[in-house]
J.: 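My structure is below; once you've seen it, I'll send some questions.
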Amino acid sequence: MDYLQIEPNQKPKGKVRISGAKNAALPLLACTILSKNKISIKNLPDVTDINTMLKLLGILGATYSKKPHHIDIDSSTINSTKATYDIVKTMRASILTLGPLLSRFNHCEVSLPGGCAIGSRPVDIHLSALEQMGADIDIKDGYIYATTKDGLKGATIIFDKITVTGSENIIMAACLAYGKSTLINVAKEPEVVQLCEVLQTAGVDIEGIGTDRLTIIGTQQKLLNMKAFEVIPDRIEAGTYLCVGAITNTKMTVTNINASHLEAVLRKFGEMGFGIEIEENSITIYPTKEVLPVHITTTEYPGFPTDMQAQFMAVATQADGTSVIDERLFENRYMHVAELNRMGANIKVVGTVATIENAPHKLTGTKVMATDLRASSCLILCALVASSPTTIDRIYHLDRGYEKLEEKFKKINITIKRKKIDTK
Ligand code: EPZ
């Protein structure tokens, strides 16, 4: 297992180019299952989750040729409908094959994704929506056995909770269904919007894109004619690198980003005193005389994203005063708090609310452990402003969602060393 070694007191200098969004690319790869032709996909991020999804599609029978950030994939050759546990356990987003496989083949077996560090993350809403579309769902030996006699039927679905991958699964299922589906209380994340746009360009009659209410006229199991597309930039990677500027209180720029995807995050930087400059294809953060404390409540898009909560908690350790964060989406997304307190922060959690008390904290480097993807980036942020070196274990979490992390940091004058644990 690798670990990262980060020297203290490092400040960024320059610009970081943002990669394609992992959470857009995952549903977009799954939706190739609905296509009758080969598709070219550009700006694919080179992260382990994407490679895992490609491995899964390959096991199902898809064929693809890969170049850096670019893939030509033909999923019309898929001849298996079983997403096995050994793959699904490494990436929960494998559940995104459920809707497309079922609507195309009338049956599929997808391993139930386990929980994960940030919460139990059930898929009950995915399953009940498919049942409303006429599917028979049976859970046995840790697998979802989904069948439908003669194709899924269009239905009116009201999502009890706003679920990103739940919305994406049902949107894809509705595309090949018989009849019209009306989806209400649908997630509006930019990643969901791009999925709808790609499906619309492939010939699906979808209305209401970008709103919480979609109508989709199914093609009655006629496969789609998907067109080439480019994955949208990763708003969470961009927000994370802007936090590098914030926590070190130093100017820095992220390029290849759509600032409209980050409005709630940019607003919070402003509330903390930082300057934000938005240009055509870039965002620059500027230092502030005094880093102000912040109040954050995570919520669905376009509100403040839960995937930026840990990173802002890191920045809040350097604010002049007490900040308050309320994590409303996941029941256990504070695993990074114990690690931050080991570095000298003073964070208390009561229920869903974390209070970063008596900041600013002089953080000291030490051995810490990454617990989930975004928590690991928060630890890197704290290591940059610590007074001594930090080592971060279990960095496989990081590689799932941050492309070429050491390289990108090197480009902004920050050294992060990846080392191997001496197993001798
Ligand atoms: C997506 O996860 C993202 N992953 C997550 O990003 C992100 O944190 C999350 O949306 C929220 O924005 C991908 O897009 C691949 P949800 P998802 O279904 O779809 C509950 C990252 O760091 N729920 O929107 O799994 C659920 O427990 C990852 O890149 C049910 O109760 O999240 C949670 O409390 C982490 N039943 C809430 O809804 C269901 O059937 C939102 O979850 C589905 C969800």
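Counting convention: from 1, in listed order, for ligands and their atoms alike.
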J.: Is R213 atom CZ crowded by more than 12 heavy atoms from other residues, nucleotides or ligands, each under 6.0 Å away?
T.: no

J.: Is it true that R342 and E339 have a side-chain N and a carboxylate O under 4.0 angstrom from each other?
T.: yes

J.: Between the protein and ligand 1, are there any N or O atom pairs that come within less than 3.5 Å of each other, and if so, what are their names and distances?
T.:
residue  : atom   : partner : partner atom : Å
ligand 1 : 2 (O)  : R121    : NH2          : 3.2
ligand 1 : 6 (O)  : N23     : ND2          : 3.3
ligand 1 : 6 (O)  : D307    : OD2          : 3.1
ligand 1 : 8 (O)  : D307    : OD1          : 2.6
ligand 1 : 8 (O)  : D307    : OD2          : 3.4
ligand 1 : 8 (O)  : R333    : NH1          : 3.4
ligand 1 : 18 (O) : T163    : OG1          : 2.7
ligand 1 : 19 (O) : T165    : N            : 2.8
ligand 1 : 19 (O) : T165    : OG1          : 2.6
ligand 1 : 22 (O) : R374    : NE           : 3.0
ligand 1 : 24 (O) : V164    : N            : 2.8
ligand 1 : 25 (O) : R121    : NH2          : 3.0
ligand 1 : 29 (O) : K22     : NZ           : 3.0
ligand 1 : 29 (O) : N23     : ND2          : 3.0
ligand 1 : 29 (O) : R374    : NH2          : 3.0
ligand 1 : 34 (O) : L329    : O            : 2.5
ligand 1 : 36 (N) : P122    : O            : 3.4
ligand 1 : 36 (N) : D124    : OD1          : 2.7
ligand 1 : 40 (O) : P122    : O            : 3.3
ligand 1 : 40 (O) : D124    : N            : 3.1
ligand 1 : 40 (O) : D124    : OD1          : 3.2
ligand 1 : 40 (O) : I125    : N            : 2.8

J.: Would T306 and T298 count as having a side-chain donor-acceptor pair, cut-off 3.5 Å?
T.: no

J.: Output the distance between atom NZ (K55) and atom OG1 (T48), rounded to the nearest 0.5 Å.
T.: 11.5 Å

J.: Does atom NZ of K404 have more than 12 heavy-atom neighbours from other groups under 6.0 Å away?
T.: yes

J.: Let me check something: any side-chain donor-acceptor pairs from residues 185-194 under 3.5 Å, sequence neighbours excluded? List them with distances.
T.:
residue : atom : partner : partner atom : Å
N185    : ND2  : F159    : O            : 2.8
E189    : OE2  : Y301    : N            : 3.1
E191    : OE1  : R235    : NE           : 3.4
E191    : OE1  : R235    : NH2          : 2.9
E191    : OE2  : R235    : NE           : 2.8
Q194    : OE1  : I232    : N            : 3.0
Q194    : NE2  : E230    : O            : 2.7

